[in-house]
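Notes follow once the structure below has been shown.
A note on names: the letters A, B, ... follow the listed sequences, proteins ahead of strands, and every chain is numbered from 1. Owing to the predicted nature of the structure, the values given are computational and were not obtained by experimental measurement.
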Amino acid sequence: MNAGSPTPAVPTLTAVDAPRSSSLKRRFSWNGAYEKCIRIVLLCCALVSVITTAAIVFVLLYESVLWFPGHTPFFGKVSLIEFLTASQWTPQFAGNQHFGIMPLICGTLLTTVTAGAIGLPMGLASAIYLSEYASPQARSVLKPSLELLAGIPTVVYGYIGLFFLTPMLIKPVLSGVFGLSVDGFNALSGGIVVGMMIMPMVASLSEDVLRAVPSSLREAGYALGATKYDVSAKIIVPSALSGIIASFLLALSRAIGETMAVAIACGARPQLTLNPLRQIQTMTSFIVNIMQGDTPVGSIEYQSLYAVALVLFLITLTMNYVSQWILRRYREAYQ
Amino acid sequence: MSTEQHHSPTPDSDRPPSVGQASQNEQRFPQPEVTPMPNAVSGSTGSLETRRSAGPSLPPPTLGAAANATPDAKRTTKIQTQDMGFFYGTHQALQKITLNIPERSVTALIGPSGCGKSTYLRSLNRMNDIIEGTRITGTVLLDGEDIYARDVDVVELRKRVGMVFQKSTPFPKSIFDNIAFGPRIAGVSSMATLTPLVERCLKQAALWNEVKDRLKDSALALSGGQQQRLCIARALATNPDVLLMDEPASALDPGSTARIEDLIDDLRKNYTIVIVTHNMQQAARVSELTAFFCMGRLVEVGRTKQLFTNPKEKETEDYITGRFG
Ligand SMILES: Nc1ncnc2c1ncn2[C@@H]1O[C@H](COP(=O)(O)OP(=O)(O)O)[C@@H](O)[C@H]1O
Ligand SMILES: [Mg+2]
């Protein structure tokens with residue numbers, strides 16, 4: 001067989017094959033149209049999220065910084081300097097309006113730090129327990145209950161803070177025993193319940209990164225006479241540190257954005273204070289409060305809502321982005 | 001750890017009930033040296049925690065009954081496994097392993113893959129405890145003490161029986177911190193103790209000259225061969241008597257392999273080394289004794305030279321001449 005050599009004796013392909021259509025041009029077929037439809041529907045669904053984000057960003061910018069004929073944005077009426085440095089936030093006090101976002105940022109900081117101080121260590125401890133210590137039976141009980149904790153509506157947490165934590169725990173202990181004055185609404189109760197809310201999130205994200213540490217490192221540790229605690233605390237956690245930090249940042253950005261629980265438990269009085277026992281207002285609870293009132297659309301207090309929302313958006317966006325970046329780097333390190 | 005209870009002292013039925021049966025085993029698997037151990041059946045005399053004061057509770061070594069007793073017979077038996085079986089759940093990975101490992105020597109374990117070499121090795125420092133649902137039968141004695149006895153401190157055992165794995169496993173820490181890991185978890189924290197210790201271990205592992213200027217650098221930046229020597233140095237830092245090595249050079253280039261083999265040759269003076277290897281030339285080069293495993297059984301054990309030149313069993317001959325496995 002001289003199949004490789006081109007000889008004229010070999011019959012041409014067209015002579016053997018079935019006759020094919022004379023034109024290369026595509027023709028209409030129902031199958032092709034169907035394919036195209038599916039493609040378009042899927043694309044539209046995917047685009048919804050992009051469009052929504054773009055629309056939200058546009059609205060935020062429109063009300064706070066974009067000038068149009070006949071439309072003055074928030075920062076056209078209030079200077080950025082005042083916004084960032086003034087110490088009072090009183091947009092609803094007609095005649096005595098101050099627009100210093102600092103009290104709101106302080107409020108958010110208080111609840112977030114409290115939530116972090118409680119939720120992050122507890123979440124990490126649960127993650128270590130789940131990934132290093134728990135027997136399969138213990139896991140099968142703990143995992144679903146953590147998910148349940150994550151599934152409780154945030155309003156419920158708010159009321160737990162207001163009607164249980166403050167009167168039955170914080171007040172008896174801090175004001176009963178230590179003689180401190182505690183407000184009925186306070187940042188501490190809100191911070192604690194938000195801490196409980198972010199704990200399952202930290203636990204589940206951190207558990208994933210702990211489990212991703214190669215088990216050969218665990219074995220090497222045990223082979224050196226390490227106890228379970230040595231292996232967890234001195235090998236696994238340091239190896240997974242960047243992933244753990246990323247999960248912390250995600251959880252904190254969730255705490256910053258948390259609204260209902262703090263609106264209910266922490267009250268609605270913006271104060272420039274770092275005392276967690278005072279009534280405060282966070283950026284998010286200011287936004288809900290404005291929405292509840294009858295603030296005229298287009299007024300300066302209405303627009304202040306968008307300015308606050310823009311700040312909030314920028315903070316959480318940055319934190320999410322940083323944590324994603326850390327997580328990505330972490331994944332590369334182990335693959 | 002729910003597996004602990006499975007490792008409790010084995011039922012008497014798994015043990016050789018009489019000396020007569022034990023010597024039967026010895027005839028089937030001629031041992032290089034046979035050291036009768038009265039403690040073996042009745043359990044250990046002292047716990048591992050007290051071993052340094054108590055010392056090995058071995059009777060003076062005697063020449064074995066078997067005719068092929070070797071000059072090693074003058075050495076004490078370091079590790080003795082008797083009628084050992086091992087189960088992963090219901091899958092029996094090892095059966096009836098009776099093997100004596102002499103002190104300060106290199107014992108090689110060879111055999112086709114999946115025959116249970118790693119399982120055997122890992123049962124000598126109870127690394128298999130980590131795997132859920134495993135069970136061991138028979139006895140494993142270290143210096144005459146049953147390491148699976150209820151009162152044994154596994155952490156102490158593992159400090160005494162170090163292990164090096166096939167894949168090098170440096171911790172993502174500095175070179176210094178890697179070596180200092182074992183001593184630190186054992187409570188040594190003063191740099192005055194750690195610094196010379198780290199230096200000694202790195203020298204013993206023939207790595208000192210390459211890393212002495214960058215002890216603070218990450219261990220992950222070392223080459224594969226260097227990482228493996230680092231792991232050996234790290235294992236030496238807990239001051240073990242025994243070093244278990246599971247194919248320590250199988251992932252390395254020939255140059256690094258040669259360095260590891262030289263290292264093993266140096267270490268044999270002070271340590272009891274058990275090495276699993278796929279490479280029969282390597283077994284021939286580094287070991288004094290070789291044990292051939294096949295399908296979860298110990299087929300033959302003998303002096304390395306004798307086993308490779310004049311194997312007693314047909315299976316061994318087939319394997320070492322490359323006819324199977
Ligand atoms: N973790 C495990 N779980 C279940 N079976 C295992 C496990 N590890 C090893 N085995 C089985 O035990 C047998 C012996 O394995 P191993 O000791 O790793 O062999 P070798 O090291 O000689 O290649 C094999 O059949 C293997 O499938
Ligand atoms: Mg193996």
- Heavy-atom distance under 4.5 Å to chain A: side chain of B/Arg234, backbone, both or neither? both
- Are the side chain of B/Lys173 and the backbone of A/Lys234 linked by a donor-acceptor contact shorter than 3.5 Å? yes
- Query: For B/Val164, is it the side chain, the backbone, both, or neither that has a heavy atom closer than 4.5 Å to a heavy atom of chain A?
  - Reply: neither
- Query: Which region of B/Pro170, side chain (C-beta onward) or backbone (N, CA, C, O), has a non-hydrogen atom less than 4.5 Å from a non-hydrogen atom of chain A, or is it both or neither?
  - Reply: backbone
- Message: Counting only heavy atoms from other residues, nucleotides and ligands, does the tally under 6.0 Å from OH of A/Tyr159 exceed 12?
- Response: no
- Message: If I measure from the heavy atoms of chain A, does B/Phe171 come under 4.5 Å with its side chain, its backbone, both, or neither?
- Response: both
- Determine the minimum heavy-atom distance between A/Leu224 and B/Ala235, stating which atoms define it. CD2-CA, 3.9 Å
- Query: Which residues satisfy the side-chain contact (heavy atoms from CB on, under 4.5 Å) test with B/Val155, sequence neighbours excluded?
  - Reply: A/Thr227, B/Asp153, B/Lys159
- Do you know the tightest heavy-atom contact between B/Met127 and A/Glu219? CE-O, 3.2 Å
- Message: Can you confirm whether B/Phe181 sits close enough to A/Ile235 that some side-chain heavy atom of one is under 4.5 Å from a side-chain heavy atom of the other?
- Response: yes
- Note on the structure: Taking every heavy atom of A/Leu217 against every heavy atom of B/Pro172, the minimum-distance pair comes out as CD1-CD, 3.9 Å
Name every donor-acceptor pair, under 3.5 Å, that has one atom in a side chain of residues 105-120 of chain A and the other anywhere in the protein, sequence neighbours excluded.
unit_1, atom_1, unit_2, atom_2, d
A/Thr108, OG1, A/Leu104, O, 3.2
A/Thr108, OG1, A/Met283, N, 3.1
A/Thr111, OG1, A/Gly107, O, 3.3
A/Thr111, OG1, A/Thr108, O, 3.0
A/Thr112, OG1, A/Thr108, O, 2.6
A/Thr114, OG1, A/Leu110, O, 2.6

- Item | Heavy-atom pair of closest approach, residues A/Ala223 and B/Met163 | CB-CB, 3.9 Å
- Within a strict 4.5 Å, meaning less than it, do heavy atoms of the A/Pro214 and B/Thr169 side chains meet? no
